[in-house]
**Student:** 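Handing you this structure, nothing more for now.
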Amino acid sequence: MPDPRPGAPSPAAALPASRTEAQSSADAAALPGPEARPGADADALPGPRVEARPSLDAAALPGPRTDARPGPHSPRRDRHRHRHRLVKVVALCAATAAGGMLVLRGNEAFAGLVSPASPDAGPLAAAAAAHENPDPGRVLQIVAHPDDDLYFMNPDLRYSITAGHPVTSVYLTSGEADGINAGAAKTASTAPDKPAYAEARQNGIRAAYAKMATGDRRSAWKRTVIPTDGGGRAELDVLVARPEVNLVWLQMREAGNVYADRPDSLHGLWDGRVERLESVLASGTPVRQPYTYTREQVVRTLLGVLERYRPTTVRLQDPTPGRHADTRRYTDHQDHMYGARFAQAALAAYAKEVKDRPHFAVQNYLGYLNGSLPSSLDPVEAGEKLDILDTYAWLDQSDHCGSEAGCGDLKVADHPAGNNWTRSINYARGTSTSWLTSDRDHGLWAFKVLDGQVAVWHRAGLIGAWSGPRLLPGTGMDPGISTATLPDGRIAAFGTRTAFGARPADYTREVVMAVQRAPGSEEFGPWESLGTPETSDEEWTSDISAPAVSVDGAGQPAVYVRDGAHTLRGRVRAADGGWGPWLRLGGDGLTGNPVTAVDGAGRRVVLAGTARTVVGWVQPRPGAPLGPVTATGLPDTALPLTAQGGPTGVRLWFRKPGSGNVRTALVTADGGLRVSGLTDLGGLSGFGAVTASGHLLAGRAAGGQLGSEMGPGRPWERSPLMFVGSPSSTTTGRNMVSLAVVGLDARLYVTSSQDAPDAYLTPWQPVGPRNTGP
């Protein structure tokens, strides 16, 4: 498929019609949004109202925008495009009817496709559903230190604020460090003052958020004190010009070191080495009374914050970041790691104890490891991110805040980019693009994690009604579900599950799977544990990746993970249904999540990225063990990877570092692993996983919205939808492709198209009720 842009590779080197190749295995998807807390007087609260804003920015709306495509637009053209899409969809249904002896009137077929929540609704009802006033979704971020959100959750944070989503950030510690607010040159001559340094960091955060929300770092905040459910007090800051932007400061003591043994820390409190952790109050805070928290009180405090804000998207740091292989030190700050574990415990309690709440999705973010990985942001996005860090770092040292402590964090002023952290953003989990899948009856299935459980949505047949979300039994599920279709037609869902208890050793992660009881059934069997290649949390901090799954031509399922030693491990299921041991499959310095797919000959291909290239493994024939790890010769790639099986091989999709452009290459297994046809397809910048099915290619674009391309020579389009994790797509039969995302309101949105090079996607549709409760 030649790239139409000037300077593109020659047709011989470009991608052939590979996105029309049949997928060798199916994939799967899921999700829901909020309302005010019962009995609460919103006007009396110092925090924001939790109902939706009366008017939203266009970027927050799930409906189509008339400026989605480049070039001039007019109402006449938009009507023409609508009629064109209608003709395409009706033609698709007619073709399907002819092939399957199914007779439908055109309007009925169109209604079934674009109004998945109601099979009986007509086109007018479908149009009304498409443009219903959406719930914007509420975002809650929990981080260990002031600046963790700016370094590791941006630009997602900025995108959410710009689009008008209510955003609240919770800071567990004061980040007081050694109390010296100075760069390296003045450290020795600056007296330590921990409360003052904590205040300076608060001032820097307020300036950064004000700039993101209003463009003015001096925009005013209302600062008040609120009681916590843990018995202490917290500072609540509300941005006056944008009251849906809130900051919550818990002000506990930080560890003061990345990895050294510091019992008076979140780590020590989690492990039970200290009974209580005291506060370190910032000098300018309205909180006047010091307090201490037990481990349980920290959990109850966060539970109370969750109840207050009722988020639909929760952003956390990585609770299992791993260790360096040579030094055995954590790859991330211990406060990041154990702060995320406290948040996990609070979310588990919230899901179990609070019934009148919306569903919520969780997104985890990599921390320090970003600095050693290829850049995932293009120069413009990286520059925007650095600009916000410059504001936090108080580079000009002008007295814009009126505080003697200072208006920002001068420790980072020497290097606001950190250790290359402003060049990247990467998700620690939830990068699978196989969570939407089609069954042999042309039904669609979606699997996502909501409330710590796997949620399932189902559309029966090609134009049937959607059901869901329905939560499968079993809690503790981590973000990121992969699916595979077994030889008998049943769908199997794979993920990882976290468990924790009173002792440090009780924190464990394992790979689990659940299988349909029968093809087409909405009932699934119980979760089966496949264990973990990690011997203990203390070995590698349970740092296993999300599982990658495929079924080869011999009907043999296999599951693969990257372990904490950054090598590949796998288990294969035998003909009798039993799983073999975790095999050591080699590799060195693997990052992110491995991917796997099956080629046209039924041979399994497994691929994994490193900081410099991609390596792979192939089966010499179906049913055989994987061959040795093999270099692909590919250049470095931004995380993550996506693999798609087809008749000519396995198509690999990834992003070009420092660009966001989508790249692809073909991996073949004849005579061993071979890679050919590396092609740059351009795109809308952005970062994260891309999904490909038939002629469709889609992924996150700059701005956090969804970018999609429907075939060779077609311009990329941008949807206003903002979403959690990765998109997923699947083909249905020979001439239909479907695409799904989960919005920041934790609700599933779907669109479909004829699988043809001149087709267009139908308008995005929400599935199920608005997300105002479980």
Side-chain angles (χ1 to χ4, degrees), residues 1-5 8-25 27 433-434 548 550 552-553 560 592-610 612-622 626-657 659 661-683 689-699 709-714 729-731 737 755 757:
M1 183 181 75
D3 190 325
R5 286 167 287 278
S10 65
L15 174 68
S18 60
R19 293 211 300 279
T20 62
E21 296 170 353
Q23 288 178 286
S24 60
S25 61
D27 304 335
T433 59
S434 70
S550 61
D552 70 6
Y560 302 95
N593 301 308
V595 294
T596 180
V598 175
D599 68 7
R603 295 170 295 201
R604 184 179 293 115
V605 177
V606 183
L607 298 156
T610 74
R612 295 181 178 85
T613 185
V614 175
V615 296
W617 297 254
V618 298
Q619 282 180 305
R621 62 187 181 283
L626 285 181
V629 59
T630 304
T632 64
L634 288 169
D636 58 346
T637 68
L639 296 179
L641 307 176
T642 299
Q644 176 194 26
T648 61
V650 169
R651 179 64 56 181
L652 182 66
W653 307 91
F654 50 91
R655 303 268 194 166
K656 180 181 179 181
S659 162
N661 280 6
V662 176
R663 285 180 159 182
T664 186
L666 184 66
V667 182
T668 56
D670 292 327
L673 185 148
R674 299 286 188 275
V675 177
S676 61
L678 175 62
T679 307
D680 192 321
L681 301 176
V690 295
T691 183
S693 294
H695 283 82
L696 171 69
L697 185 64
E709 185 242 53
M710 284 295 293
R714 298 281 296 277
S729 62
T730 187
T731 54
V737 61
D755 186 17

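Everything numeric in this text was worked out from a predicted model, so none of it was measured.
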**Student:** Considering non-hydrogen atoms only, spot the tightest contact between Val598 and Ser550 and give its length.
**Tutor:** CG2-CB, 4.0 Å
**Student:** Could you measure the distance from the CG atom of Asp680 to the CG atom of Asn661? Nearest 0.5 Å is fine.
**Tutor:** 4.5 Å
**Student:** Show the nearest heavy-atom pair for residues Arg714 and Glu709, with the distance to one decimal.
**Tutor:** O-CG, 3.6 Å
**Student:** Measuring only between side-chain heavy atoms, which start at C-beta, is Val737 closer than 4.5 Å to Ser693?
**Tutor:** yes
**Student:** With sequence neighbours left out, write down each residue that passes salt bridge (Lys or Arg N to Asp or Glu O under 4.0 Å) with Arg655, or none if nothing qualifies.
**Tutor:** none
**Student:** Give, for atom CG of Leu607 and atom OG1 of Thr637, the distance between the pair rounded to the nearest 0.5 Å.
**Tutor:** 10.0 Å
**Student:** So Phe654 and Val614, side-chain contact (heavy atoms from CB on, under 4.5 Å) or not? Walk me through it.
**Tutor:** CA-CA 10 Å; Phe654 50 91; Val614 175; 5.7 Å; no
**Student:** Over all heavy atoms of both residues, which pair between Asp755 and His695 is shortest? Give the atoms and the distance, please.
**Tutor:** OD1-N, 2.9 Å
**Student:** Please report the shortest heavy-atom distance between Gly602 and Pro622, naming the atom on each side.
**Tutor:** O-CG, 3.5 Å
**Student:** For Arg604 versus Gln619, what's the shortest heavy-atom pair and its separation?
**Tutor:** N-OE1, 2.7 Å
**Student:** Identify each donor-acceptor pair in which a side-chain atom of residues 667-678 lies under 3.5 Å from a protein atom, sequence neighbours left out, and give them as a table.
**Tutor:**
unit_1: Asp670; atom_1: OD1; unit_2: Arg603; atom_2: NH1; d: 3.0
unit_1: Asp670; atom_1: OD1; unit_2: Arg603; atom_2: NH2; d: 2.7
unit_1: Arg674; atom_1: NH2; unit_2: Gly671; atom_2: O; d: 3.4

**Student:** Below 4.5 Å, heavy atoms only, C-beta onward: do Leu697 and Trp653 meet side chain to side chain?
**Tutor:** yes
**Student:** Could you check whether any side-chain N or O of Thr610 sits under 3.5 Å from a backbone N or O of Ala608, counting only pairs where one atom can act as donor and the other as acceptor?
**Tutor:** no
**Student:** Could you walk me through whether Thr433 and Val690 pass side-chain contact (heavy atoms from CB on, under 4.5 Å), step by step?
**Tutor:** CA-CA 7 Å; Thr433 59; Val690 295; over 6 Å; no
**Student:** Give, for atom OG1 of Thr642 and atom CG of Asn593, the distance between the pair rounded to the nearest 0.5 Å.
**Tutor:** 10.5 Å
**Student:** Do Thr691 and Ser729 have side-chain N/O donor and acceptor atoms under 3.5 Å apart?
**Tutor:** yes
**Student:** Applying side chain to side chain contact (heavy atoms under 4.5 Å, CB included), can you list everything that pairs with Ala643, at least two apart in sequence or on another chain?
**Tutor:** Val595, Ala597, Val650
**Student:** State, with a plain yes or no, whether a side-chain heavy atom of Leu652 is found less than 4.5 Å away from one of Leu634.
**Tutor:** yes
**Student:** Return the set of residues passing side chain to side chain donor-acceptor pair (under 3.5 Å) with Asp636 (not counting sequence neighbours), or none when no residue passes.
**Tutor:** none
**Student:** Taking all heavy atoms of Gly627 and all of Trp617, pick out the closest pair and write down the distance.
**Tutor:** O-CD1, 3.3 Å
